[in-house]
Amino acid sequence: MWKKLQYNYNCVSISNYCLVYLLVYLIIVLIYNVFMGVSTQNVRLLMLTSIINFIIVFIIEKRKNKYLSTSLFFLFSFLYCIVFFQKNIDYMLGIDLDEYQFYDINIINPALCFSLLCFNIFLVGYIWPKRTSFILTKMHVVPIKGLSIVLIILLVLFGVLMRDKLNERVEGIKGIEYSIFGHLMNVLYALIIQQAWNALLMKRMYTIKLFFKSFNLVTWLTVFFVTLYVLNAGGRSVVIAVLMLFFYLYIIFRKVKLSFIKVLITMVVLAIITSLLKIFGGIGYFFTPDFSDIGSSLEWGYEVYNKVHPSIIPMTDELARSVYSYNILYDAWTNDHSMNMTSLIISFVRLIPGGVRLLQYFYPIESADLNSSDFATEYANETYGVGTTVIGDALINGGWLFCIVMIFFLGWCFSKVDYMIQRKDITFNLFVLGCVCYMNVVFLCRGSIGNIITNYFYILMILYLNRKINIFTSKE
């Protein structure tokens with residue numbers, strides 16, 4: 001017992017020393033860059049020291065968290081490095097000298113410097129001292145019959161509306177179909193999370209068979225039909241989110257420990273699969289009666305795949321090219337453009353069914369005012385959607401101070417969630433937050449923090465209403 005307490009004390013002491021070091025490091029870097037300027041040599045030195053800082057934090061956290069290989073910290077850090085650093089490294093090493101992918105060659109260094117600083121602030125947030133007390137919420141098993149009925153209604157309604165548009169791309173869904181699909185997915189997530197929580201209270205899921213039996217037939221049928229539709233329409237994000245949610249729940253209840261090599265291999269395999277989906281251009285072509293579109297689909301997809309630039313990691317080149325949208329938003333911010341937190345406000349408005357449409361009815365709001373992706377596309381005068389990034393979105397919405405607070409808070413939240421996995425006593429709200437963060441972590445670096453906000457509060461609202469309705473009906 002004494003040795004265990006001494007080990008925990010040593011881990012905490014080392015974390016505190018590391019925190020002081022990172023804070024001093026950030027102060028020195030900020031002062032140096034303000035007075036000396038941002039040069040290529042300075043940025044390279046900053047990148048090298050940032051990698052060292054990550055390794056230090058990684059080693060310290062590995063001593064405390066035996067599930068670090070599948071943690072939000074590791075997954076987010078890995079994807080962050082791909083999105084913000086990979087193409088810059090390619091350019092520095094002379095592997096890919098295409099300047100167009102950076103939007104403006106003059107902002108490469110300052111934009112990279114800011115993303116590196118944000119990465120170090122994320123590390124500070126992750127190791128920041130926090131309370132580690134988790135209490136199992138005294139919440140009884142909640143029936144899921146009502147949620148199942150609502151999910152069936154939404155699934156049937158969506159199927160009826162989309163019966164003539166099954167090959168339409170997921171990104172192309174508009175109007176009422178888009179709204180119903182969003183509600184459908186949130187109810188599905190809520191149903192999965194509620195069943196997982198019920199299984200946790202009943203101490204089930206400790207075998208693979210019990211894991212699958214913990215979710216009802218409605219859940220599995222909805223997952224099947226949604227997966228079929230999304231893949232048929234050439235999409236990937238929704239399927240990956242569902243898979244990540246089940247994977248997270250599997251880790252929690254089975255207490256699975258995977259090596260870092262296995263995790264990296266799995267991520268590479270997933271990257272290859274998503275690239276193959278792009279080559280096929282959507283497996284919906286295989287459902288044509290005469291299979292006449294397979295050849296054109298493969299030809300088109302192969303041409304797209306061949307446009308992948310040379311890179312140190314070719315499989316993740318598509319993800320890495322998100323640095324283009326980040327640089328656009330960084331350039332817009334340096335030129336005093338701002339969305340004035342509109343994108344974040346819209347995240348809360350989306351909690352109200354039809355809220356955005358109602359807001360647009362009273363206030364004529366352009367799409368570029370609703371999200372940073374459309375803003376970046378319009379600012380760069382591009383004919384296609386350039387996307388967004390978590391740093392660029394925060395920067396254009398609230399400036400550098402909001403961006404720093406956001407990335408610090410993100411690291412702090414991820415730490416709370418990661419340590420929850422190794423404990424048996426957890427809060428319901430933190431459990432839901434962990435599920436939402438994990439199913440969004442793959443897209444977070446090239447997305448917005450608003451997605452997590454909307455998913456989290458929307459799912460909590462659904463679960464709260466389901467609980468209250470069940471309490472009310474049980475009294476009658």
Side-chain angles (χ1 to χ4, degrees), residues 135-155 157-158 176-201 215-216 218-219 222-223 226 237-238 241-242 244-246 248-249 341-360 370-371 409-410 413 416-417 420 426-441 443-444 447-475:
I135 303 172
L136 187 66
T137 305
K138 293 181 179 179
M139 181 176 174
H140 300 290
V141 173
V142 179
I144 44 87
K145 183 179 179 180
L147 282 177
S148 299
I149 293 173
V150 173
L151 187 61
I152 292 172
I153 294 172
L154 288 172
L155 183 63
L157 184 59
F158 181 73
I176 187 67
E177 294 93 343
Y178 174 81
S179 179
I180 291 176
F181 186 72
H183 296 315
L184 169 67
M185 292 311 302
N186 279 309
V187 173
L188 175 61
Y189 297 143
L191 180 59
I192 293 172
I193 292 171
Q194 185 62 69
Q195 290 176 98
W197 181 257
N198 291 345
L200 175 65
L201 294 178
F215 305 99
N216 63 10
V218 174
T219 302
T222 305
V223 169
V226 167
S237 58
V238 173
V242 173
M244 291 297 291
L245 177 57
F246 278 120
Y248 178 68
L249 295 172
M341 303 295 286
T342 307
S343 181
L344 189 64
I345 294 171
I346 292 298
S347 299
F348 290 98
V349 175
R350 286 196 176 99
L351 296 174
I352 306 170
V356 176
R357 187 175 294 274
L358 186 65
L359 184 65
Q360 287 178 312
L370 295 178
N371 61 79
F409 184 71
L410 196 66
C413 285
K416 293 279 285 187
V417 171
M420 177 188 69
I426 57 178
T427 64
F428 181 71
N429 290 350
L430 189 62
F431 177 73
V432 176
L433 178 63
C435 293
V436 171
C437 288
Y438 214 89
M439 69 188 193
N440 280 287
V441 68
F443 321 103
L444 181 57
S448 168
I449 191 69
N451 297 332
I452 289 181
I453 293 173
T454 303
N455 280 144
Y456 177 64
F457 287 106
Y458 199 120
I459 291 171
L460 270 184
M461 185 171 61
I462 293 172
L463 294 172
Y464 177 80
L465 287 173
N466 179 60
R467 182 187 176 193
K468 288 298 180 182
I469 290 171
N470 278 286
I471 294 174
F472 178 77
T473 54
S474 63
K475 290 179 179 179

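It should be emphasised that the depicted structure is a prediction, and the values quoted were computed from it without experimental measurement.
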Between atom [atom1] of [X] and atom [atom2] of [Y], what is the distance when rounded to the nearest 0.5 Å?
X      : Y      : atom1 : atom2 : answer
Leu151 : Met185 : CG    : CE    : 9.0 Å
Leu154 : Ile149 : CG    : CD1   : 12.0 Å
Leu430 : Cys435 : CG    : SG    : 10.0 Å
Leu147 : Leu465 : CG    : CG    : 9.5 Å
Met461 : Asn186 : CE    : CG    : 8.5 Å
Leu249 : Gln195 : CG    : CD    : 10.5 Å

Between [Y] and [X], is there a side-chain heavy-atom distance shorter than 4.5 Å?
X      : Y      : value
Ile462 : Val150 : no
Leu433 : Asn429 : no
Thr222 : Val187 : no
Phe443 : Ile452 : no
Asn455 : Met439 : yes
Leu191 : Asn466 : no
Phe409 : Ile449 : no
Val417 : Tyr248 : yes

- Could you go through the side-chain contact (heavy atoms from CB on, under 4.5 Å) check for Ile346 and Asn371 one step at a time? CA-CA 8 Å; Ile346 292 298; Asn371 61 79; over 6 Å; no
- For Leu463 and Phe428, run side-chain contact (heavy atoms from CB on, under 4.5 Å): C-alpha distance rounded to whole Å, both residues' side-chain angles, the deciding distance at 0.1 Å, then the answer. CA-CA 11 Å; Leu463 294 172; Phe428 181 71; 3.6 Å; yes
- Is the Phe158 ring parallel, tilted or perpendicular to the Phe181 ring (thresholds 30°, 60°)?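 Ring orientation, 0 to 90° scale: tilted.
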- Task: Classify the ring geometry between Phe246 and Phe215 as parallel (under 30°), tilted (30 to 60°) or perpendicular (over 60°).
- Result: perpendicular
- Query: Going through the distances and angles, do Val226 and Leu184 end up as a side-chain contact (heavy atoms from CB on, under 4.5 Å)?
  - Reply: CA-CA 10 Å; Val226 167; Leu184 169 67; 4.2 Å; yes
- Message: Checking Asn451 against Ser448 for the side chain to side chain donor-acceptor pair (under 3.5 Å) test, could you report, in this order, the C-alpha distance in whole Å, the side-chain angles of both residues, the deciding distance, and whether it holds?
- Response: CA-CA 6 Å; Asn451 297 332; Ser448 168; 5.3 Å; no
- Take Ile193 and Phe431 through the test side-chain contact (heavy atoms from CB on, under 4.5 Å) and record every step on the way to the result. CA-CA 9 Å; Ile193 292 171; Phe431 177 73; 3.8 Å; yes
- Item | Closest approach of Ser148 to Val218 (non-hydrogen atoms, all atoms of both residues) | O-CG1, 3.9 Å
